[in-house]
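Step one of this worksheet: look at the structure below.
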Amino acid sequence: MAATISVIGAGYVGLPTAVLLAESGYKTYLIEIDAGRLNAIRKGRSFFYEEGIDALIEHSLQTEKLIPTDSYEVAIPKSDFIFSCVGTPDNPDGSPNLSFVFAAAEESLKYVPKKTIFIQKSTVPVGTGQKIVQLLNRKRNKHIDYVSSPEFLREGTAISDSLWPDRIVIGGNKRVAEKVLGLYKSIEKNRDKIVSRIGIVSPTGHPTNYFLTSLNSAELIKISSNAFLALKISFANSIAKLADHTGADITEVMDGVGTDRRISRAFLNAGRGYGGGCFPKDVSGLISSANEFGVDIQIMTAASDVNESMPGYIARKAQTKLSSLTGKRLAVLGLAFKAGTSDARRSPGIKLANILSRNGAKVSVYDPKANHEAEADLRSGITISNSLDKAIRGTDAIFIATDWPEFIELDFKKVKDLMRGSLIVDAMNALNENAVTHAGLQYTGIGRY
Ligand code: UGA
């Protein structure tokens, strides 16, 4: 008989994980304590935008393999495996807040059956697993195995990333890790059937690597992967500033640099910097957990500083082109932290809009999916537009802050007619410059012109 699974937390990691396990034939309890999120899932909808996920939720509810609940007491006693996928927001000092991680373990502990495997998917500082193992060992009459199996999916491509992962990492006892690996292999076996329901195109030539490691190594693989990607972006942004001063084109530069297979082109796109629920907090989390061990990871402090500087740098660049920002009518397109998601946490587009507004500009903003999510973080006085046309009408300059296809493929002749000025600031370096200039508009990117 197929195993029964509990997934704790229906967030950006937990929900795709639960749905894919359910679609692979496992009875999967999805424990979510937020009533709004739970109700949405029960109606077959995710609380965030992610391509394909609603269709999979709906199907797994129909087959009764996915059981959304707010009750640990209902789910945990029946579970052979428990995936913990709760949030790890950062504290004001940059250290990760692990209260949800420990609460999920404590709460599970109350109801675990005699034997179960607890799998940590939340991103935690190295050493956290050892502390949780101590906590789980308190129940001497039960046997709970603990492994770390960090998640590498990206928002916006969560389903495809989970079905075709670059690697699966499981840290802990090898015998236990093999059992957990069996769950991932079963998702892999079912993936053609799963994608046929949502029409996601499968990537070709994409082998998955499997790493069974120690607990601490698994935790550190996850945090180091995100830190290194953040580092690459900040490196590209540092070189972009130099390119701006020297007339080089950062895209050409990084194309040239990135074709060295030792480096790779990925995550070398300069622009308004990284945002979201992962990179900013994982970088500050790494710095603070290293500090606890007396290790100073200066390289990550520098990466974070460069990232923080980018929205202001872009505003200053526009100010030079426009003489002044005061009284200018400006549109920021893109409030999600990247295309393909409605997530607006730590969004560079929001930061940029706020800086422009603080400098006296009249700012309108628009995002196809994240207007609502962005609202609370936008300065008062910024106008949230419910259409792209409304956002750009009568503006002196437009800033592209997220590479949504509808922004990249804009009809710039029409844009010119709607604007009163002519400056297009490509804060993603994603536009076709010729399409902009041929329409009679002025183009500027980051590290290019
Ligand atoms: C990131 C990692 O890529 C995932 O592997 C990881 O599982 C996830 O964090 C997590 O820890 O949960 P995600 O935050 O969804 O995924 O988004 P990314 O696609 O990595 O983008 C992060 C930010 O970097 C975005 O704001 C994006 O616009 C920016 N970025 C990305 C750049 O500025 N330049 C680039 O070249 C690439």
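In what follows, residues are counted from 1 in the order of the sequence shown. Ligands are counted one by one from 1 in listed order, and the atoms in each one are counted from 1 as well.
The protein atom (non-hydrogen) at minimum distance from atom 15 (O) of ligand 1 is E155 N, 2.8 Å. Protein heavy atom closest to atom 34 (N) of ligand 1, with residue, atom name and distance, is N269 O, 3.0 Å. Ranking the protein heavy atoms by distance from atom 37 (C) of ligand 1 puts F267 CD2, 3.4 Å first. Distance from atom 24 (O) of ligand 1 to its nearest protein heavy atom, with residue and atom name: Y274 CB, 3.3 Å. The closest protein non-hydrogen atom to atom 19 (O) of ligand 1 is K338 NZ, 2.8 Å. For atom 26 (O) of ligand 1, the closest non-hydrogen atom of the protein is F337 O, 2.8 Å. The protein non-hydrogen atom at the shortest distance from atom 32 (C) of ligand 1 is I233 CD1, 3.5 Å. The closest protein non-hydrogen atom to atom 8 (C) of ligand 1 is L153 O, 3.5 Å.
Ring geometry for Y146 versus F118: interplanar angle under 30°, hence parallel rather than tilted (30 to 60°). Ring geometry, W404 versus Y49: the interplanar angle falls from 30° to 60°, so the pair is classed tilted.
Closest of all the heavy-atom pairs between T69 and L38 is N-CD1, 3.6 Å. The heavy-atom pair separating L423 from K321 by the smallest distance is CD2-CB, 3.8 Å. The shortest non-hydrogen separation linking S162 to L20 is CB-CD1, 3.3 Å. Summarising the geometry of A105 relative to I132, their closest heavy-atom pair is CB-CG2, 3.9 Å, with the distance given to 0.1 Å.
Using a 4.0 Å cut-off between a side-chain N of Lys or Arg and a carboxylate O of Asp or Glu, K351 and E308 qualify as a salt bridge.
Between R272 and ligand 1, an N or O atom pair is found at a separation short of 3.5 Å. Between F279 and ligand 1, not a single N/O pair is under 3.5 Å apart. Between R154 and ligand 1, a contact under 3.5 Å exists for no N or O pair. In terms of polar-atom proximity, defined here as any N/O pair under 3.5 Å, L229 makes no such contact with ligand 1.
Close approach of ligand 1 to E151 is summarised as follows: ligand atoms under 4.0 Å from at least one heavy atom of the residue are 7 (O).
For the pair K185 and Y210, the cation-pi criterion (under 6.0 Å, within 45° of the ring axis) is fulfilled. For the pair K65 and Y26, the NZ or CZ position fails the cation-pi test of under 6.0 Å to the six-membered ring centre and within 45 degrees of the ring normal.
At least one heavy atom of G273 sits closer than 4.0 Å to an atom of ligand 1. In this structure, C278 has a heavy atom closer than 4.0 Å to ligand 1. Distances shorter than 4.0 angstrom occur between a heavy atom of K222 and an atom of ligand 1.
Of the heavy atoms in D161, none comes closer than 4.0 Å to ligand 1.
Within the model, atoms CD1 of I119 and CD of E151 stand 12.0 Å from one another, a figure rounded to the nearest 0.5 Å.
At least one donor-acceptor pair closer than 3.5 Å links the side chain of T88 to the backbone N or O of T123.
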